[in-house]
Asker: 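Dropping the structure in here first, questions after.
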Amino acid sequence: MTLGIRFSEIMVSEDCICDGHHRYIASLLSGYILKTKPYPITSATYIKNRDTVHFTNEDWDTTIKINMLNEQDADYNNLTLEELLRLLK
């Protein structure tokens, strides 16, 4: 975020983040403000109080998923994958 890479909006319903939890935390850590976009809550939505959320250092993403997300981010920012990876170093 501090490198000028664009990120999509955080999807929210009232005060509930529906999509974008990681982007929200990253924006807090970097001091970068992301836009929000209204998003409907469905019957499958499980709302958890943020005071009960615990952070871990465990990495849940596989190498394949990280590569896929990097490709999506490069495309979203009109960059080649190589350009994005160079920025991230």
Side-chain angles (χ1 to χ4, degrees):
M1 292 180 177
T2 58
L3 299 172
I5 298 171
R6 295 180 323 129
F7 291 85
S8 59
E9 299 94 351
I10 297 171
M11 306 299 185
V12 298
S13 178
E14 297 179 20
D15 62 349
C16 178
I17 298 174
C18 300
D19 180 34
H21 300 88
H22 296 101
R23 281 172 279 154
Y24 175 70
I25 296 298
S27 71
L28 291 178
L29 294 172
S30 68
Y32 185 90
I33 298 176
L34 285 172
K35 294 180 181 178
T36 60
K37 184 175 182 180
Y39 195 81
I41 288 180
T42 69
S43 60
T45 302
Y46 173 73
I47 298 175
K48 187 168 182 138
N49 185 314
R50 68 179 176 197
D51 295 333
T52 64
V53 174
H54 300 282
F55 294 98
T56 67
N57 289 327
E58 189 172 348
D59 192 351
W60 294 87
D61 290 332
T62 63
T63 301
I64 292 171
K65 184 172 180 185
I66 291 169
N67 291 337
M68 178 203 59
L69 294 171
N70 283 338
E71 288 174 3
Q72 288 177 355
D73 289 342
D75 186 54
Y76 187 77
N77 283 276
N78 295 316
L79 299 169
T80 65
L81 180 58
E82 292 76 21
E83 291 170 325
L84 177 71
L85 294 176
R86 203 169 22 255
L87 284 172
L88 296 176
K89 285 186 179 181

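When reading the values below, keep in mind they use all heavy atoms of this one structure, side chains included, and skip hydrogens, waters and symmetry mates. We count residues from 1, following the sequence as given.
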Asker: To the nearest 0.5 Å, what is the distance between CZ on Arg23 and OG1 on Thr36?
Answerer: 11.5 Å

Asker: Is the side chain of Asp75 donor-acceptor paired with the backbone N or O of Glu71 at a distance under 3.5 Å, no angle test?
Answerer: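 A pair under 3.5 Å: no.
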
Asker: Looking at side-chain heavy atoms only, is the closest gap between Lys37 and Ser8 below 4.5 Å?
Answerer: no

Asker: Nearest 0.5 Å please: distance from the OH atom of Tyr76 over to the CG atom of Leu69.
Answerer: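 That separation rounds to 14.5 Å.
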
Asker: Using side-chain heavy atoms (C-beta onward) and a distance below 4.5 Å, is Met1 in contact with Leu34?
Answerer: yes

Asker: For His21, does the NE2 atom have more than 12 heavy-atom neighbours from other residues, nucleotides or ligands under 6.0 Å away?
Answerer: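 Result for NE2/His21: enclosed.
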
Asker: Are more than 12 heavy atoms from other residues, nucleotides or ligands located less than 6.0 Å from atom CG of Leu88?
Answerer: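 It does: Leu88 CG has more than 12 such atoms within range.
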
Asker: Indicate the atoms forming the closest heavy-atom contact of Ile10 with Gly20, along with that distance.
Answerer: CG1-O, 4.1 Å

Asker: Grab the two heavy atoms, one from Asn70 and one from Leu84, that are nearest each other, plus how far apart they are.
Answerer: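 Between these two residues, the closest heavy atoms are O-CD2, 3.1 Å.
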
Asker: Using side-chain heavy atoms (C-beta onward) and a distance below 4.5 Å, is His22 in contact with Ile25?
Answerer: no

Asker: In the single-linkage hydrophobic clustering (I, L, V, M, F, W, Y; side-chain heavy atoms under 4.5 Å), do Ile66 and Leu85 co-cluster?
Answerer: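 In one cluster: no.
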
Asker: Evaluate whether atom CD1 of Ile33 has more than 12 neighbouring non-hydrogen atoms of other residues, nucleotides or ligands under 6.0 angstrom away.
Answerer: no

Asker: Is there a path of hydrophobic side-chain contacts, each under 4.5 Å between heavy atoms of I/L/V/M/F/W/Y residues, joining Ile64 to Met68?
Answerer: no

Asker: Should we count CZ of Phe7 as having more than 12 external heavy atoms under 6.0 Å?
Answerer: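 Check passes, neighbour count above 12.
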
Asker: Would you compute the distance between atom CG of Asn78 and atom CD of Glu83 and round it to the nearest 0.5 angstrom?
Answerer: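 Reported to 0.5 Å precision, the distance equals 10.0 Å.
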
Asker: Atom CG of Asn67 and atom CD of Gln72: how far apart are they, to the nearest 0.5 Å?
Answerer: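 It is 11.5 Å, given to the nearest 0.5 Å.
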
